[in-house]
Amino acid sequence: MPISSLSPPRSGLVLVKNPHLDLMEEDILYHLDLGTKTHNLPAMFGDIKFVCVGGSPNRMRAFAQFMHRELGLAGDGEDVADICAGSDRYAMYRAGPVLSISHGMGIPSISIMLHELIKLLHHAKCRDVTIIRIGTSGGLGIKAGSVVITDTAVDSSFQPRFEQVVLGDVVVRSTELDKDLAEELLACSREIPDFPTLIGHTMCTYDFYEGQGRLDGALCSFSSEKKLEYLRRAYDAGVRNIEMESTAFAALCGLCGLKAAVVCVTLLDRLEGDQIRASHEVLWEYQQRPQRLIAALIRKRLGLGPALLPAD
């Protein structure tokens, strides 16, 4: 049975489930180029209320600039600084109470970032943090450009679990996500009627090609008929999009008491093909759709009303 996610602690603080951290004089967040002795983490991050993570450093920089404008902060936001500039692994920006961080591609990359991000939020004594992964995905049976809010992250067998090998043993963790947050996001989507938004399962795989049933990789050991049979089974199991990070994201955030959501736009319908053929202009507009939805949520939470600006 999966180890269930914990409810958020009553204090609102971010949990870390590691007794060894209390014995350490210093915690070096190596991949973020931050540390408990070299930086005053409570002063730098203690007022953070929203954390948004996504694969691309450029996309997360653009999101921070977008939120700078949405929140009406001083200046134009164009010179937003990379807090992790001393590292070439991840990029981190902030706009008021919003932290925007890249996580790279796939479970190993997002897992490393999340371990250090969660420790950062813990050391900074942040309270009542909402964390959201925004990204791109392949759709299943839905129109390209649709935005999927994940209710459950499932593995390649359509099960709601994340399997992690620890000291040679397989540990199975729950991939629960916050249902109330998903419904709140869906309600916010009604303010943005120019693209479809839905709630559904997200399938997380370890690979972009064979693992997602693509026929166009360097290796392929199955027929087009077997591919379509598998993808239709996924659809029948409730899967509406496919990506490569959601199970690890849901498991780590849930165990550490963070209210979490996954919001991804679909770049194509995988039942119709494998390759992404839309123009750069169309893809750029698609990628802004999750950003616009998250901005609407943050503005609502902060009492700023509906979003005023489209993303650039």
Hydrophobic clusters here meaning ILVMFWY residues chained together by side-chain heavy-atom distances under 4.5 Å, can you tell me if [X] and [Y] are in one?
X      : Y      : result
Val265 : Val282 : yes
Ile107 : Val154 : no
Leu297 : Leu304 : yes
Leu41  : Met92  : yes
Leu198 : Leu231 : no

Can Lys119 and Asp27 be said to form a salt bridge (charged side-chain N to carboxylate O under 4.0 Å, His left out), step by step?
CA-CA 9 Å; Lys119 291 197 297 175; Asp27 191 3; 3.0 Å; yes
Between [X] and [Y], what is the shortest heavy-atom contact and its length?
X      : Y      : value
Leu114 : Phe249 : CD1-CA, 3.7 Å
Gln291 : Phe66  : O-CE2, 3.5 Å
His123 : Pro42  : O-CG, 3.6 Å
Ala296 : Glu191 : CB-OE1, 4.0 Å
Ile118 : Leu252 : CD1-O, 4.0 Å
Leu177 : Ala260 : CD2-O, 3.7 Å

So how far is it from [X] [atom1] to [Y] [atom2], rounded to the nearest 0.5 Å?
X      : Y      : atom1 : atom2 : answer
Ile131 : Leu99  : CD1   : CG    : 9.0 Å
Leu32  : Leu34  : CG    : CG    : 5.5 Å
Ser189 : Ile149 : OG    : CD1   : 5.5 Å
Leu255 : Arg173 : CG    : CZ    : 6.0 Å
Ile298 : Leu71  : CD1   : CG    : 7.0 Å
Lys259 : Thr130 : NZ    : OG1   : 6.5 Å

Using side-chain heavy atoms (C-beta onward) and a distance below 4.5 Å, is [X] in contact with [Y]?
X      : Y      : answer
Val263 : Leu185 : yes
Trp284 : Glu281 : no
Ile101 : Met113 : yes
Leu13  : His122 : no
Ser224 : Leu215 : yes
Asp155 : Phe162 : no
Ile192 : Arg289 : no
Gln212 : Met203 : no

Under 6.0 Å from the [atom1] atom of [X], do we count more than 12 heavy atoms belonging to anything else shown?
X      : atom1 : result
Arg301 : CZ    : yes
Lys179 : NZ    : yes
Leu21  : CG    : yes
Leu23  : CG    : yes
Met105 : CE    : no

Ring-face cation of Arg214 near Phe208 (centre distance under 6.0 Å, axis angle within 45°):
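The answer is yes; both the distance and angle limits are met.
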Checking side-chain polar atoms at under 3.5 Å, does Thr36 have a donor or acceptor matched by the opposite partner on Glu26?
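No.
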Using only heavy-atom distances, determine whether the side chains of Asp33 and Ser87 contain a donor-acceptor pair under 3.5 Å.
no
Which is it for Phe63 and Cys52 under the side chain to side chain contact (heavy atoms under 4.5 Å, CB included) test, yes or no, and what are the steps along the way?
CA-CA 9 Å; Phe63 177 70; Cys52 296; 3.5 Å; yes
side-chain hydrogen bond (donor to acceptor under 3.5 Å, both in side chains) pairs, two or more places apart, involving residues 88-102:
Asp47-Arg94
Pair Thr266, Asn241 - check side-chain hydrogen bond (donor to acceptor under 3.5 Å, both in side chains), show working.
CA-CA 7 Å; Thr266 60; Asn241 65 331; over 6 Å; no
Between [X] and [Y], is there a donor-acceptor pair closer than 3.5 Å when you use the side chain of the first and the backbone of the second?
X      : Y      : result
His201 : Phe158 : no
Arg299 : Glu70  : yes
Lys49  : Arg127 : yes
Thr150 : Ala153 : no
Glu116 : His31  : yes

Among Ile294, Ile132, Val129, Leu302, which residue satisfies the side-chain contact (heavy atoms from CB on, under 4.5 Å) criterion with Phe50?
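By the side-chain contact (heavy atoms from CB on, under 4.5 Å) criterion, Phe50 pairs with just one of Ile294, Ile132, Val129, Leu302: Leu302.
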Could you walk me through whether Thr202 and Ser137 pass side chain to side chain contact (heavy atoms under 4.5 Å, CB included), step by step?
CA-CA 9 Å; Thr202 295; Ser137 63; over 6 Å; no
Take Lys227 and Asp274 through the test salt bridge (charged side-chain N to carboxylate O under 4.0 Å, His left out) and record every step on the way to the result.
CA-CA 11 Å; Lys227 164 206 163 176; Asp274 293 336; 2.7 Å; yes
Among residues two or more places apart or on two chains, list those pairs meeting salt bridge (charged side-chain N to carboxylate O under 4.0 Å, His left out) that have a residue in residues 234-251.
Arg133-Glu243, Arg133-Glu245
Kindly indicate, with the supporting measurements, whether the criterion side chain to side chain contact (heavy atoms under 4.5 Å, CB included) is fulfilled by Gln287 and Ile134.
CA-CA 9 Å; Gln287 291 175 25; Ile134 57 177; over 6 Å; no
Walk me through whether Thr197 and Arg190 qualify under side chain to side chain contact (heavy atoms under 4.5 Å, CB included).
CA-CA 8 Å; Thr197 303; Arg190 299 185 183 109; over 6 Å; no
Does the ring centre of Tyr230 sit less than 6.0 Å away from the ring centre of Tyr235?
no
Does the pair Glu176 and Ser174 meet the rule for a side-chain hydrogen bond (donor to acceptor under 3.5 Å, both in side chains), with working shown?
CA-CA 6 Å; Glu176 297 174 42; Ser174 169; 3.2 Å; yes
